[in-house]
Amino acid sequence: MAIDSLDLKKSEGLMEKDNSLTEFQETLREAAGILNYPPQVFEFLKKPMRFLEVSIPVRMDNGKTEIFQGYRAQHNDASGPTKGGIRFHPDVTPEEVKALAGWMSLKCGITGLPYGGAKGGIVCDPRKMSLDELERLSRGYVRAVSQIVGPTKDIPAPDMYTNSQIMAWMLDEYDHIREFDSPGFITGKPIALGGSKGRETATSKGVLYTLEMVCELKKLSLKNLRVIIQGFGNVGSYLAKYLYDLGAKVVGISDVLGGLYDENGLDIPYLLENRDSFGIVSNRFKNSITNQKLLEKECDVLIPAAISGVIHKQNASSLSCSIIIEAANGPTTKEALKILDEREILVVPDILANSGGVIVSYFEWCQNNQGYYWTEDTVDERLKEKIIESFLNVFNTSKQHGVNLKIAAYIEGIQKLAEASRLRGWLKC
Ligand code: GLU
């Protein structure tokens, strides 16, 4: 991971201004309205219950000290400890972290996990930092938030540009502070430190199982289905490989620098072999296109698997797909979704489609608490079971209320949060 000179901010300039928190709140209000909840439910759930902002001094390799800003948002802990990843990205803002924590709460509600949602973030550009600097930053973050996290309080995990090595450093720092071994403090760890088999591929598998459910519903076959995956990081690349192996035609992929499209299907194994550690491969090809162009190319299924806000009101009318599966968090704006609904393009929402990651994180935490480790087949089987059950619940709710899958997913999630809060005596609803 010795970092090249790419600037994450410039290379990802395809998204609209981040509006995640407003979008989360508006959709939450709509779902709470459909359920006829009193206004306090929305007032309570629109923001995290707890939000911590920290400054982290890190000694850089050149001997100077840099101060990094970090955040941890805990949205709601009525159903259990809070749970959610930590992202390292230059565009991290308090608003985005708060929205992401809210989405985590909904995700845990939809999938029936005994957690509320949380999210953390550090404003940094990991591609411009050395491994030693990243280690010092990771440890510094844990020291800064150690009062409010823990295996029965708030359990972090990987998110954008964080991985199992970063989880390992964070676990080690936490163990030093607490003076005992607590593998259940963090998930997405390396297997040698108590990680779960199948955690690394869990989000992609969850997206795949979701797509299989959609195919079943629409009487489509995965074979020769034309799929575009925007993003070739952890989620996008495993997904591309699974789809390729199952005979689907992955006609497009992209990374932060550009996209590749071939109507006859791309050679995914070749692309996987030739990407760098940040998933970048498009710069090796002369005929690469922009991310924006790729989104508008013809396909059956479009899977945004990178950043938020890439499908917006300016491009929603130009998309040439009939199904969108949101593998990233918040890739479709509210205005775009309205246009897509009118165009009868089916959108499977992020808080359902990408829940495989947190589901297997939960399995990892259960294994840590038990000290008993499962086989990969057991993990896979239980993941599939949970995704299918959650998908059917959301689908039936959408039919029952005559709403799209996004609103239906919010309804499912908010019901769990409201019920747990009511039973604790926090809300009357
Ligand atoms: N960061 C992932 C997400 O957004 C996983 C969270 C977790 O495993 O706790 O769902």
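Nothing here was measured: the structure is a model prediction, and the numbers come from that model. Counting convention: from 1, in listed order, for ligands and their atoms alike.
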task: Return the orientation label for the Y362 and Y115 ring planes: parallel under 30°, perpendicular over 60°, tilted otherwise.
output: perpendicular
query: Once the angle between the rings of F185 and Y174 is folded into 0 to 90°, is it parallel (under 30°), tilted (30 to 60°) or perpendicular (over 60°)?
result: parallel
Which ligand 1 atoms are under 4.0 Å away from a heavy-atom of [X]?
X: G357; value: 8 (O)
X: M104; value: 3 (C), 4 (O), 6 (C), 10 (O)
X: D159; value: 1 (N), 2 (C), 4 (O)

task: Determine whether the side chain, the backbone, both or neither of N329 has a heavy atom under 4.0 Å from any heavy atom of ligand 1.
output: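 Answer for N329: side chain.
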What residue and atom, counting heavy atoms only, is the protein's closest point to [atom], and at what distance?
atom: atom 7 (C) of ligand 1; answer: A157 CB, 3.3 Å
atom: atom 10 (O) of ligand 1; answer: K107 NZ, 2.7 Å
atom: atom 8 (O) of ligand 1; answer: S361 OG, 2.6 Å
atom: atom 9 (O) of ligand 1; answer: K83 NZ, 2.8 Å
atom: atom 4 (O) of ligand 1; answer: K119 NZ, 2.9 Å

query: Any non-hydrogen atom of G84 lying under 4.0 Å from ligand 1?
result: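 Yes, G84 has a heavy atom closer than 4.0 Å to ligand 1.
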query: If you measure from each heavy atom of P158 to ligand 1, is any distance below 4.0 Å?
result: yes
- prompt: If you measure from OH on Y410 to CG on N404, what distance do you get to the nearest 0.5 Å?
  reply: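 With rounding to 0.5 Å, OH (Y410) is 11.0 Å from CG (N404).
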- line: One should read off an interatomic distance between R50 CZ and I148 CD1, to the nearest 0.5 angstrom, of 7.0 Å
- prompt: Is the side chain of D350 donor-acceptor paired with the backbone N or O of G330 at a distance under 3.5 Å, no angle test?
  reply: yes
query: Considering only heavy atoms, which of R199, M167, M160 lies nearest to atom 5 (C) of ligand 1?
result: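 The nearest heavy atom belongs to R199.
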field: Neighbour count >12 (heavy atoms, 6.0 Å) for atom NZ, K386
entry: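 Correct, the count exceeds 12.
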query: Around atom CD of E179, are there more than 12 heavy atoms of other residues, nucleotides or ligands at under 6.0 Å?
result: no
message: Could you walk me through whether E296 and K293 satisfy the salt bridge (Lys or Arg N to Asp or Glu O under 4.0 Å) test, starting with their C-alpha distance in whole Å, then the side-chain angles of each, then the deciding distance to 0.1 Å, before giving a yes or no?
response: CA-CA 5 Å; E296 296 173 9; K293 278 243 146 47; over 6 Å; no
